[in-house]
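Worth saying up front: this structure is predicted, and the values here are computed from it rather than measured. These numbers come from the heavy atoms of this one structure, side chains and all, not from hydrogens, waters or symmetry mates.
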Amino acid sequence: MDIHLRDGAGKDFRFPVNPEEITISRGKSLETVNILSLGEYEFPAGEKVKEIAFSSFFPASYDEGYCKYSELPDPQEAMNQLTRMMNSKTPVRLIITETAVNVLVMISAHNTTFKGGEPGDVYFELTARTWRDMKVHTNTSVAPKTQGSRPDTKPKAKTYTVKSGDTLSKIAKLELGSSAKWQAIYNANIKIIGKDPGKIKPGQKLVMPS
């Protein structure tokens, strides 16, 4: 198993010594609402970010018994690099081979310990939190209000698209409830229909009189 952090430029930071254990904390976010006369109720508000934590150390010298590779970083410089990652505003990718962990994280904390009798070695505890990009949805369908403008409250005229086999009397019966009102439809659409009210064509859009 290898543990490494990869920045946005594709540069890897490898941990030379595997931890004894890795802890992944999960949880559900709950929103507490106080309902008058009923008391407090909790409603689910989505999944909390995961926390991944482990502890290990950066050895000052190579030991094949526990080191994953021989070209070890300077322990103090390695801790400084972790500090820079923690203070950065951009996430890094945490990859733990042989597991399903391959996620973007922000390093939220790391603690350093120096132990007597082990000069040069630097022990640490690291906590990372999974990172999610915030997506804000904007409504572009609503036109901005202009000062002094009033909403258009006039009803839109109803239209009817002529189908094959239609006549004005048939349309009047369907749309206006009486075939006798065909003359009103003709008068409202004389420019579209033409001089002969009996020659309507499929596809023509006729305005229905109010």
Side-chain angles (χ1 to χ4, degrees), residues 5-11 24-52 88-108 128-210:
L5 298 168
R6 181 176 298 163
D7 62 19
K11 186 178 180 181
I24 301 177
S25 301
R26 301 177 179 86
K28 179 180 286 187
S29 180
L30 296 173
E31 181 180 355
T32 302
V33 178
N34 195 320
I35 301 176
L36 186 65
S37 78
L38 295 177
E40 289 187 346
Y41 284 80
E42 290 187 334
F43 296 91
E47 184 183 10
K48 287 184 177 179
V49 294
K50 300 181 184 69
E51 281 193 350
I52 303 171
S88 173
K89 295 181 179 180
T90 57
V92 293
R93 183 166 292 279
L94 173 61
I95 302 172
I96 305 176
T97 62
E98 301 177 29
T99 74
V101 177
N102 186 337
V103 291
L104 288 173
V105 298
M106 298 291 286
I107 298 175
S108 57
R129 293 166 63 88
T130 52
W131 182 86
R132 289 182 297 207
D133 192 12
M134 181 181 293
K135 296 181 179 179
V136 180
H137 297 279
T138 57
N139 186 0
T140 58
S141 62
V142 179
K145 293 183 179 179
T146 56
Q147 190 168 2
S149 64
R150 294 183 180 179
D152 186 6
T153 57
K154 293 196 305 182
K156 293 183 179 180
K158 184 179 179 181
T159 62
Y160 177 88
T161 302
V162 177
K163 303 178 181 64
S164 179
D166 277 346
T167 62
L168 289 182
S169 59
K170 180 179 178 181
I171 296 170
K173 177 68 174 178
L174 290 172
E175 297 296 320
L176 304 180
S178 172
S179 58
K181 294 183 179 180
W182 71 267
Q183 185 71 48
I185 298 176
Y186 176 66
N187 292 339
N189 297 277
I190 193 168
K191 290 183 179 180
I192 298 173
I193 299 171
K195 294 182 179 180
D196 189 348
K199 292 184 178 180
I200 58 175
K201 300 175 182 178
Q204 289 178 325
K205 282 191 175 182
L206 305 181
V207 176
M208 297 294 102
S210 57

### Task
State which residues pass side-chain contact (heavy atoms from CB on, under 4.5 Å) with Ile200; sequence neighbours excluded, sorted by chain then number.
Val162, Asp166, Leu168, Ile171, Ile193, Gln204
### Task
Kindly state each residue pair satisfying side-chain hydrogen bond (donor to acceptor under 3.5 Å, both in side chains) with at least one member in residues 167-179, sequence neighbours excluded.
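Residue pairs passing side-chain hydrogen bond (donor to acceptor under 3.5 Å, both in side chains), neighbours aside: Lys158-Glu175, Thr167-Ser169.
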## Note on the structure
Contacts satisfying side-chain hydrogen bond (donor to acceptor under 3.5 Å, both in side chains) that involve residues 193-203 (not counting sequence neighbours) are none
### Task
Using atom types as modelled and distance alone, determine if a side-chain donor or acceptor of Tyr186 lies under 3.5 Å from a backbone N or O of Lys181.
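Pair absent, no side-chain N/O of Tyr186 close to backbone of Lys181.
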### Message
As an exercise, state the distance from CG of Asn189 to NZ of Lys205, rounded to the nearest 0.5 Å.
### Response
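Nearest 0.5 Å value for the CG-NZ distance: 12.5 Å.
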Quiz: residues 93-107 side-chain donor-acceptor pairs under 3.5 angstrom, not counting sequence neighbours:
from  : atom 1 : to     : atom 2 : distance (Å)
Arg93 : NH1    : Asn102 : O      : 3.1
Arg93 : NH1    : Asn102 : OD1    : 2.9
Thr97 : OG1    : Asp2   : N      : 2.6
Thr97 : OG1    : Asp2   : O      : 3.4
Glu98 : OE2    : Met1   : N      : 3.1
Thr99 : OG1    : Ile96  : O      : 2.7
Thr99 : OG1    : Val101 : N      : 3.1

